Amino acid sequence: MRVHKTGIVQEHLMTRKQSGLFDVSHMGRFVFRGKDAVPFLQYVLTNNSAALEIEESQYTIIPNERGGAIDDAYLYRFKEEEYLLVVNASNRQKDWNHFQSELKRFDDLEMTDRTMDIAMLSLQGPASKELLLGIIDSGYLPEPTRNSLGTITINNAEILIARTGYTGEPVCFELFIENKDALMIFDLLIEKGTVPIGLGARDTLRLEASLPLYGHELGEDPEGNEIPIFACGLSKFAVSSSPLKGNFIGKDPLVTQFEALKKIANRDYSQIENLPRLVRPVALTGKGLARAGFKVFRGDKHIGFVTSGTMVPFWEYQGEGIESDLTGKNGRRAICLALLDSNLIDGDKIQIEIRGKMTDAVIVPYHMRSEAPPAARAITYKMLRMEKKEIKESKVLEKVSHLTSKAMTNTIWRQQECINLIPSEQTMSPMTRLLSIQDPVGRYAEHKPVKAFSEADVFYYQGTDFIAEVEALLVNEFRKYLGCEEAETRIISGQMANTAVFSAMVDYINRTDRKIEQRRIRKVLNNHIIKGGHLSAQPMGALRDYVARDPKTEKPSVVNFPVHKDNPYKIDVEACKNIIVGHKPELIIFGKSMTLHHEPVAAIRSFINDQSIDCTIMYDMAHVLGLVGPYFQEPFKEGADLVTGSTHKTFFGTQRGVIGANFKETDARFELWEAIQRRAFPGSVSNHHLGTMLGLLLSAYEMNHFKDEYQKKVLSNAKIFAGALNECGLSVAGDPDISYTQTHQAILNVGYAKGPAIAKQLEANNIIVNYQAAPEEEGFTASGSLRMGAQEMTRFGMEKEDFQELAQLIHDVVANNKSVKDKVISFRKRFLEMKYCFSGDEYENIIQKLHDLI
Amino acid sequence: MKELNELNLPEDLRYTEDHEWVRTESANVKIGIDDYAQDQLGDIVFVELPQVGDKFAKGDEFGTVESVKAVSELYMPIGGEIFAINENLEETPESVNSSPYDDGWMIEIKPDDPAKIESLMDKNAYLEMLKG
């Protein structure tokens with residue numbers, strides 16, 4: 001393979017901006033089969049091979065007895081009984097011989113070298129997904145998470161495809177192709193617009209991504225000393241400490257290195273001799289290029305070596321945040337990876353000896369970031385030191401005038417000139433708003449039931465009789481509304497409602513033994529965030545501190561509802577049953593923030609009961625709380641144990657949360673309910689924001705009074721809206737057979753990664769929506785969908801024809817790039833009076849009196 | 001990479017075994033690297049040049065040129081004193097690739113003995129050398 005094809009710099013830039021195609025068939029490919037495949041791989045590799053489910057892969061290292069690397073590798077499990085290990089070309093024979101020498105201890109194992117039978121192409125870069133989608137005949141691209149695998153066919157060629165790569169690109173694919181088909185696929189990809197990339201750019205791309213290369217960052221250093229595996233940052237992910245892994249080559253020294261690394265991270269250098277140097281990204285601030293082998297100094301002290309280095313190009317961006325865009329210009333920067341004394345930290349200034357002269361350099365945390373798909377972004381040293389914007393000090397009257405006038409402008413804009421379609425928002429009625437700022441807004445009313453007083457609530461403050469009554473009435477309204485035994489209303493957000501429930505679960509699970517370390521929730525089944533699940537039910541959100549680690553995956557012990565391949569918005573109930581049997585979740589969390597369907601509460605409840613699985617079923621109704629009823633879902637009737645929600649999306653209320661439970665006092669799990677109350681107060685709040693609680697009571701009255709009419713109208717408007725968008729020629733997500741939606745939401749597909757820009761464009765036309773990643777997209781920065789809700793504008797009286805008219809306005813902006821701002825402003829003027837709230841002369845007088853009190 | 005017949009090797013220049021070119025401009029001499037060298041090196045990203053006034057003998061290293069992949073030393077085709085350097089190369093080293101004989105020139109020297117230029121290879125002799 002040639003080192004460069006059209007020039008390393010151009011190839012590097014093309015890959016980062018569009019896509020690049022690498023022929024990496026020179027790498028070694030070994031296949032392992034048989035009962036002993038996993039035990040063998042566990043023994044000769046550092047990662048936890050048993051953690052791989054079908055269609056998963058992992059980075060791993062082939063260790064020696066001393067905790068150094070024989071090679072690094074990638075392990076793929078495309079099929080149930082077959083593991084594919086990709087190793088470096090230059091180490092293929094060495095690796096093979098090493099494995100041969102270890103094989104003897106394993107009986108049922110077949111190892112074959114398939115390097116010469118299968119070609120391997122790597123397609124990397126932001127445009128690579130669209131390119132592949134255009135030529136796939138059948139099969140699906142792997143799930144949009146790194147290391148996921150799949151099988152596709154292109155022109156009758158079966159291709160194993162992985163979301164992996166060696167460029168740091170967030171949109172990345174590696175293709176395993178039978179030899180006979182390889183040239184055809186290569187040519188087809190080039191014909192469709194990608195460009196061939198040589199090994200030279202492959203090296204600069206991996207350097208910019210700070211990925212290790214054997215012989216540089218792994219293996220031996222320039223003085224011939226072995227580099228400990230943990231000197232490489234990726235080792236934290238590649239070396240498993242799972243108790244399920246058992247003994248493996250190099251385990252003891254690796255444990256020692258890891259212990260040293262943990263101490264070094266805390267700037268405790270007492271075990272530094274076990275890990276004297278670490279591979280660090282370094283940016284040159286002086287002139288010249290650092291090359292592998294150059295010595296690095298700090299003052300007079302020799303502190304290490306450059307392991308890889310050169311000058312790499314990068315695309316320049318302008319603008320800020322998600323709106324920043326390519327300028328079309330590119331720059332270049334001298335960067336390197338260096339094996340440096342472990343007691344150095346990011347920002348330390350160092351010197352690199354370049355042919356006898358010292359050049360200044362600095363240790364940086366990274367050269368590039370991949371977390372904003374579809375593109376990787378170069379981070380230069382200058383960008384790491386951006387100064388915080390100073391806010392200019394002005395006179396107090398100026399500050400107050402500025403604030404108040406902008407608040408008024410903003411309110412007029414959102415309330416009188418905008419079409420508000422964000423599905424998680426609502427406007428409160430005037431009376432709800434006024435009640436929210438009456439006297440209780442500044443008060444405290446902490447209380448808790450005391451068993452010694454026969455469960456009577458004891459309040460810690462005086463002057464609280466009124467708010468005590470409000471809370472009792474609010475609880476009563478929610479019990480009626482949700483159709484359940486108990487309600488907790490002190491929670492001030494939906495996320496807090498979830499946190500309180502998770503915390504209460506842990507409390508409840510451990511109720512029989514308070515002296516031991518409190519066990520976390522063993523396994524949770526929820527909606528994956530990429531399939532519409534909300535942050536508050538994810539390990540990255542509220543679940544984090546309450547869910548156990550799975551010793552097999554070494555990740556939070558969460559499994560996700562499987563979804564239909566042809567409708568990823570809908571849970572696949574049959575597939576879900578296998579997951580429930582296999583994982584026996586202790587907690588099931590229904591509910592999503594991107595939601596088009598009913599959740600299959602009844603079906604799963606009946607299955608759980610049939611299987612006698614001890615499990616709590618919770619429905620996080622944040623988005624759909626205002627839809628509870630016969631037209632949408634009645635979760636408690638369907639068998640949910642708990643409902644959580646926020647009270648200000650489809651519900652009419654102030655911004656708060658609520659928890660409902662269907663446990664009677666005689667139920668075994670009533671203790672869970674008591675734990676939930678404790679985790680609400682004092683677990684989550686002391687002051688529970690009495691002003692908005694007062695407002696919420698009024699909106700609960702509104703909801704219980706108007707729900708029949710309102711809910712029917714929201715649900716039918718959402719269907720009409722989705723249908724009208726489709727008829728305009730826009731692409732609407734969901735199942736046409738149910739008019740796309742069973743909720744208040746409609747989801748529009750606007751093109752891969754175009755969501756943020758189009759949402760911005762709609763905002764410029766006074767149509768407020770939010771962009772959202774579709775189930776097949778890699779993350780919110782790659783969003784190709786717009787999420788819209790019919791609830792708020794329905795409340796302002798929009799009817800069927802109005803949503804059809806609105807669909808046309810949206811089409812004009814999205815498809816034709818027209819300016820419709822003036823039209824939108826006059827459209828909104830028709831919908832200024834709120835419906836589904838108490839109005840008329842008898843209420844006007846009350847509103848006036850409330851207003852006079854402020 | 002280019003075939004030998006694709007190389008741009010102007011007739012009016014002299015060439016060295018190390019792939020530098022030399023051009024007489026009135027009393028002075030301009031020096032750079034030729035099309036063959038830039039093509040072999042690939043994308044040039046850094047050029048290190050001497051100071052004006054530095055004196056070198058024939059064969060001395062006067063600087064380095066770095067591509068993404070490798071570094072190469074630059075040698076004096078004849079002895080002389082540095083009269084000017086191409087300061088633009090600091091910002092646009094890629095000129096050495098795109099325009100090796102014009103925008104990509106490297107140094108201008110006052111030769112110790114202008115007659116020595118005649119001892120360097122002309123285009124045909126240089127091509128013969130490349131053919132080996």
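Values below: all heavy atoms of this structure, side chains included; hydrogens, waters and symmetry mates excluded. These numbers were taken from a predicted model, which means no experiment stands behind them.
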Give a yes or no on whether [X] atom [atom1] has more than 12 heavy-atom contacts from other residues, nucleotides or ligands under 6.0 Å away.
| X | atom1 | answer |
| --- | --- | --- |
| A:Lys94 | NZ | yes |
| B:Glu87 | CD | no |
| B:Glu25 | CD | yes |

Test applied, side chain to side chain contact (heavy atoms under 4.5 Å, CB included); reference residue, B:Val68; option that passes from A:Val9, A:Leu289, A:Asp203, A:Leu207: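 Of all the options given, the one that passes is A:Val9.
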
Straight-line distance of B:Glu48 CD to A:Lys357 NZ, nearest 0.5 Å: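 Reported to 0.5 Å precision, the distance equals 3.5 Å.
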
Reported CZ-to-CD1 distance for the pair B:Phe46 and A:Ile354, which is rounded to 0.5 angstrom: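 The CZ atom of B:Phe46 sits 7.5 Å away from the CD1 atom of A:Ile354.
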
Interface residues of residues 308-316 of chain A facing chain B - non-hydrogen atoms under 4.5 Å apart: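 Counting heavy atoms that sit under 4.5 Å from chain B, the residues of residues 308-316 of chain A involved are A:Thr310, A:Met311.
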
Can you tell which part of [X] gets under 4.5 Å to a heavy atom of chain A, answering side chain, backbone, both or neither?
| X | answer |
| --- | --- |
| B:Ser67 | backbone |
| B:Val71 | both |
| B:Glu90 | both |
| B:Glu61 | neither |

Residues A:Arg332 and B:Glu66 bridged, charged N to O under 4.0 Å: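 Salt bridge between A:Arg332 and B:Glu66, a charged N being under 4.0 Å from a carboxylate O: no.
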
Close side-chain approach of B:Asp43 and A:His12, heavy atoms under 4.5 Å: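 No, their side chains stay 4.5 Å or more apart.
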
Qualifying residues under side chain to side chain donor-acceptor pair (under 3.5 Å), relative to A:Glu223, sequence neighbours excluded: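 Testing A:Glu223 for side chain to side chain donor-acceptor pair (under 3.5 Å), a comparison that skips the adjacent residues, returns none.
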
